[in-house]
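Data block below; observations after.
By convention in this document, chain letters (A, B, ...) are assigned in the order of the sequence lines, proteins followed by strands, and residues within each chain are numbered from 1. Everything quoted here is computed from the prediction, not taken from an experiment.
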There are 2 protein chains.
Amino acid sequence: MEVQTLTRRDRERLARSRAILDAALDTFAEKGYEGATLDEVAERAEFGKGTLYNYFPGGKEEILFALFDEVYDGVVRLTDNYFSDQLLGENATREVFRAYISRMISHFIDRLPNFLLLIKEAHRMVFGDQTESADYLFTQRERVAEALARPLQSAMDRGEIKPLDAHTVAHLVMGNIHGYLMFACPRNGGKSASADPEQGADFITTILFDGLLTDAQ
Amino acid sequence: MEVQTLTRRDRERLARSRAILDAALDTFAEKGYEGATLDEVAERAEFGKGTLYNYFPGGKEEILFALFDEVYDGVVRLTDNYFSDQLLGENATREVFRAYISRMISHFIDRLPNFLLLIKEAHRMVFGDQTESADYLFTQRERVAEALARPLQSAMDRGEIKPLDAHTVAHLVMGNIHGYLMFACPRNGGKSASADPEQGADFITTILFDGLLTDAQ
DNA sequence: GCGCGATGTGACCAATGGGTCATATTCTGA
DNA sequence: TCAGAATATGACCCATTGGTCACATCGCGC
């Protein structure tokens with residue numbers, strides 16, 4: 001619109017790269033990384049198979065890791081943005097995190113292929129035998145955990161939540177979001193658009209923040 | 001030792017079947033289902049590849065589902081046994097569940113391949129495009145959730161924990177156990193025997209039962 | 001329009017691995 | 001000891017698929 005920082009060629013190249021990644025994300029999410037074929041990715045992207053290698057010389061694996069980058073970046077960005085907007089300490093801690101959880105659930109419901117990629121492939125590769133990939137995914141998971149650990153630590157410092165290890169708590173919170181999504185939108189039978197972010201966030205927050213024990217305990 | 005209900009042939013056949021399943025479990029857990037080859041399974045079991053088909057005519061897939069059966073049976077059995085031994089209502093609810101969580105963590109630490117099979121393959125197939133497999137795994141997950149939902153419902157009926165949906169809470173608890181294990185024994189770098197069941201159970205119980213909010217809230 | 005570099009393409013290649021089967025070996029009962 | 005059943009085996013088959021490349025096409029500058 002305003003300043004053209006990219007030539008037309010660069011823009012088109014970017015758009016084609018985008019189309020390939022989108023096609024690959026859908027395919028990998030549906031069939032799994034091993035079950036997906038480059039032929040199908042190429043077909044969905046409306047390119048010949050050879051073209052994929054012009055954009056991703058590393059082939060199937062390079063495409064997969066490019067997708068991981070984007071998916072994790074999205075989660076880290078959402079987390080960072082959310083908590084930098086919140087004036088921590090001014091709003092009720094419980095509500096701040098409840099709304100965060102709701103946003104995360106919405107984020108993945110709107111991007112189910114992202115979620116499926118994490119469930120199907122990332123979790124498998126973290127425990128895979130290729131140390132390189134395992135390290136990469138471990139690092140990405142840590143990035144997310146760190147982004148969430150900061151506001152948690154802050155709340156702990158203010159004495160609003162129990163002084164546990166913020167990093168571990170962050171992993172637990174992320175795990176609960178994933179767990180809720182796995183539970184709430186199971187069967188890709190198609191009709192599972194029913195998961196309600198608010199309801200899920202309420203449920204998780206009630207347990208994680210208030211505890212299962214009755215108040216009268 | 002006492003009554004021979006099985007002939008020698010049947011016992012030996014069972015033992016060979018066992019050897020094949022053990023070899024397959026290790027291989028699948030390490031390489032993943034798709035990444036594992038029947039040649040390697042056969043080699044680890046010290047059989048020729050053809051022999052596998054004498055015991056599992058359905059081939060690779062039949063072996064995988066036989067493993068799923070065993071893994072899920074183990075978890076359901078542990079859960080049922082544990083809660084049938086506990087005189088619910090006589091012991092402190094919090095401690096009963098804390099000890100259960102500790103047992104589950106121990107169970108999987110002692111059987112890491114079982115855990116890896118669930119993480120790597122079950123989670124992938126629940127969302128897979130083969131409805132048959134997805135249904136099967138969904139049902140197995142429900143069995144576990146049901147076994148845990150019963151004592152939870154019982155505690156709710158006694159007013160000891162909040163009256164939420166027991167089934168959903170059961171899924172959440174299972175998810176937290178899995179989440180802790182994923183966090184606590186990452187990198188199969190070999191040195192990860194450090195996860196402490198008691199510590200993990202304390203951590204999970206503190207958050208799930210007492211809540212993150214400080215008591216003075 | 002012309003020429004050349006950039007880009008697209010799909011037939012092709014080679015490796016892989018699940019599954020089969022003819023043959024060899026072992027076990028059982030008489 | 002022997003016949004026949006049960007079992008073990010691994011060479012073989014072939015469908016699949018990631019990756020390659022010679023060639024076709026396109027588009028931009030002149």
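As a whole-Å value, the separation of A/Leu14 CG from C/dT7 P is 13 Å. Distance NZ (A/Lys60) to C1' (D/dT20): 17 Å, rounded to an integer number of Å. We find that CZ of B/Phe56 is positioned 16 Å from P of C/dG18, with the value rounded to whole Å. In this structure, B/Ile63 atom CD1 and C/dG19 atom C1' are separated by 12 Å, rounded to whole Å. Rounded to an integer number of Å, the gap from B/Lys31 NZ to C/dG17 C1' is 13 Å. Rounded to an integer number of Å, the gap from B/Glu62 CD to C/dG18 P is 15 Å. Look at CG on B/Leu38: it is 15 Å from P on D/dG10, rounded to the nearest Å. Look at CD on B/Glu43: it is 16 Å from C1' on D/dA8, rounded to the nearest Å.
Relative ring orientation between B/Phe183 and A/His171 is described as tilted, the plane-to-plane angle lying within the 30° to 60° band.
Ion pairing between B/Glu146 and B/Arg143 fails under the 4.0 Å rule for side-chain N and carboxylate O. Between A/Arg98 and A/Glu198 there is a salt bridge, since at least one side-chain N of the basic residue sits less than 4.0 Å from a carboxylate O of the acidic one.
Among the atoms of the strands shown, base atoms are found under 4.0 Å from some heavy atom of A/Gly50. At a threshold of 4.0 angstrom between heavy atoms, the contacts of A/Tyr53 include nucleobase atoms, whether or not backbone atoms are also involved. Counting non-hydrogen atoms under 4.0 angstrom, B/Lys49 reaches a base of the nucleic acid.
At least one side-chain nitrogen or oxygen of A/Asn54 sits closer than 4.0 Å to the OP1 or OP2 atom of C/dG8. Distances shown here put every side-chain N or O of B/Arg16 at or beyond 4.0 Å from the OP1 or OP2 atom of D/dT7. A close approach under 4.0 Å does not occur between any side-chain nitrogen or oxygen of B/Tyr55 and OP1 or OP2 of D/dT7. Distances shorter than 4.0 Å separate none of the side-chain N or O atoms of B/Arg13 from OP1 or OP2 on D/dA6.
With the nearest nucleotide of DNA chain D identified for both B/Phe47 and A/Glu61, B/Phe47 has the one nearer the 5' end. Between A/Leu52 and B/Thr51, the residue whose closest nucleotide on DNA chain C is further toward the 5' end is A/Leu52.
A/Arg111 and A/His107 share a donor-acceptor pair across their side chains, judged by distance under 3.5 Å alone.
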* **Step-by-step side-chain contact (heavy atoms from CB on, under 4.5 Å) determination, A/Met174 to A/Met104** => CA-CA 9 Å; A/Met174 292 300 309; A/Met104 283 289 285; 3.5 Å; yes
